[in-house]
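Beneath this line is the structure, given in structure tokens, with notes to follow.
Lettering follows sequence order; numbering is per chain, from 1.
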2 protein chains.
Amino acid sequence: MTKSIDFYFDFISPFGYFAALEIDDLCARHGRETAWHSMLLGVSVMKVMGLKPLLDTPLKGDYIRREFARGVRRRGLTLKRQPGDTMMDPRPCGRAFHWVKQHQPGREKALARQLLHAYWVDGQDLGSSVAAAKAAASAGFDCAALQTAIESAEAGALLRAAVDASLKRGVFGSPTVMVDGEPFWGVETFGQVEAWLATGGW
Amino acid sequence: MTKSIDFYFDFISPFGYFAALEIDDLCARHGRETAWHSMLLGVSVMKVMGLKPLLDTPLKGDYIRREFARGVRRRGLTLKRQPGDTMMDPRPCGRAFHWVKQHQPGREKALARQLLHAYWVDGQDLGSSVAAAKAAASAGFDCAALQTAIESAEAGALLRAAVDASLKRGVFGSPTVMVDGEPFWGVETFGQVEAWLATGGW
């Protein structure tokens with residue numbers, strides 16, 4: 001069994017969404033599995049790095065909107081959510097993700113995919129435990145049980161621990177991919193990730 | 001004659017340096033020429049965007065150093081300059097570049113390549129008119145005349161006008177490539193630039 005490739009993302013990150021659509025296929029082409037980790041840009045970017053939100057940054061905000069639209073067209077996606085829209089609170093999704101990872105290991109990717117789809121494709125606001133649990137139901141999760149789990153102190157602690165662990169590894173952006181300890185930030189580095197996996201690195 | 005592709009860079013930008021090594025070949029593969037424009041990250045990033053220098057940003061600074069080292073290894077380069085080293089004042093190089101572009105059009109790329117080589121490969125500090133002019137001499141420029149030019153009010157005005165023009169086009173980072181009005185930021189987007197040129201865009 002090969003060592004997993006770690007994939008870090010935030011549910012509200014547009015390029016994290018693109019990455020989530022591609023990372024498993026990319027790694028599978030090189031016989032590698034992935035482990036998914038949700039993190040919080042609000043902690044890494046705003047609290048630790050001391051930066052303003054990306055979309056509120058002059059010049060860069062406009063570029064990001066344009067680059068996102070270009071990425072949507074390139075991938076042939078139809079999304080109801082745009083980066084400029086009001087963002088949801090990503091913590092209920094993060095809590096759900098880490099609770100499922102802990103208690104139903106192996107199902108957290110299916111949960112994440114469903115939540116990302118509900119947010120980006122369907123444009124739902126999953127910023128409450130009710131909404132996140134309801135969206136998860138379509139992927140076969142028990143809605144009431146998951147809502148209770150999201151609201152639990154344990155889920156909050158699991159998310160905090162995961163965010164702390166991501167920061168300790170130096171992860172600050174979404175997406176970030178760790179290949180055998182080597183960090184790659186941004187979906188635009190996926191060409192580099194693929195070359196690294198194909199050649200064994202440099 | 002095809003419309004030129006605009007390439008924006010700052011002399012002190014490590015990824016701008018990588019991009020300068022590759023952009024002309026990339027565009028030539030698709031029958032396109034390039035126009036080079038030097039800009040100043042100190043103006044776009046610090047004054048307009050209100051951000052701290054990249055290398056002083058927690059977490060991101062460490063990542064950038066690592067990504068740069070990886071880029072150096074991948075390209076088989078041997079550089080005396082590292083992103084963590086004391087940075088030169090990029091204005092003398094920028095003034096020289098825009099003065100040559102104005103008065104000896106067609107020679108500005110050769111000048112830029114020589115200055116980038118002197119800074120990154122040889123590790124020279126080109127932060128004075130003397131040093132920048134001296135480094136340019138190896139590429140066939142008249143050292144004394146170029147030093148006088150760099151110190152002229154005209155060169156200062158040309159650089160300021162170029163920086164203003166880059167900001168008006170929304171350019172904030174180095175490298176940025178403008179393909180028929182479409183901006184691509186970062187050397188990691190070069191795969192996307194190549195695909196755009198090959199397909200005509202999406």
Task: Atom group of Leu51(A) that falls short of 4.5 Å from chain B, counting heavy atoms - done: side chain
Could you work out all donor-acceptor pairs shorter than 3.5 Å where one atom is in chain B and the other in chain A?
| residue | atom | partner | partner atom | Å |
| --- | --- | --- | --- | --- |
| Met49(B) | O | Lys52(A) | NZ | 2.9 |
| Lys52(B) | NZ | Met49(A) | O | 2.9 |
| Tyr63(B) | OH | Trp185(A) | N | 2.7 |
| Arg66(B) | NH2 | Gly181(A) | O | 3.2 |
| Arg66(B) | NH2 | Glu182(A) | OE1 | 3.2 |
| Glu67(B) | OE2 | Gln192(A) | NE2 | 3.2 |
| Arg70(B) | O | Trp202(A) | NE1 | 3.1 |
| Arg70(B) | NE | Gln192(A) | OE1 | 3.0 |
| Arg70(B) | NH1 | Glu182(A) | OE2 | 3.0 |
| Arg70(B) | NH1 | Pro183(A) | O | 2.7 |
| Arg70(B) | NH2 | Pro183(A) | O | 2.8 |
| Arg73(B) | NE | Trp202(A) | O | 3.0 |
| Arg73(B) | NH2 | Trp202(A) | O | 3.2 |
| Gly181(B) | O | Arg66(A) | NH2 | 3.2 |
| Glu182(B) | OE1 | Arg66(A) | NH2 | 3.2 |
| Glu182(B) | OE2 | Arg70(A) | NH1 | 3.0 |
| Pro183(B) | O | Arg70(A) | NH1 | 2.7 |
| Pro183(B) | O | Arg70(A) | NH2 | 2.8 |
| Trp185(B) | N | Tyr63(A) | OH | 2.8 |
| Glu188(B) | OE2 | Gln192(A) | NE2 | 2.7 |
| Gln192(B) | OE1 | Arg70(A) | NE | 3.0 |
| Gln192(B) | NE2 | Glu67(A) | OE2 | 3.2 |
| Gln192(B) | NE2 | Glu188(A) | OE2 | 2.7 |
| Trp202(B) | O | Arg73(A) | NE | 3.0 |
| Trp202(B) | O | Arg73(A) | NH2 | 3.2 |
| Trp202(B) | NE1 | Arg70(A) | O | 3.1 |

Open item on the list: Applying ring-ring contact (aromatic ring centres under 6.0 Å, His included), can you list everything that pairs with Phe190(A), at least two apart in sequence or on another chain?
Closed with: none
- [ ] Using a cut-off of under 4.5 Å on heavy-atom pairs, state which of Pro183(A), Gly61(A), Gly201(A), Gly170(A) scores highest against chain B.
- [x] Pro183(A)
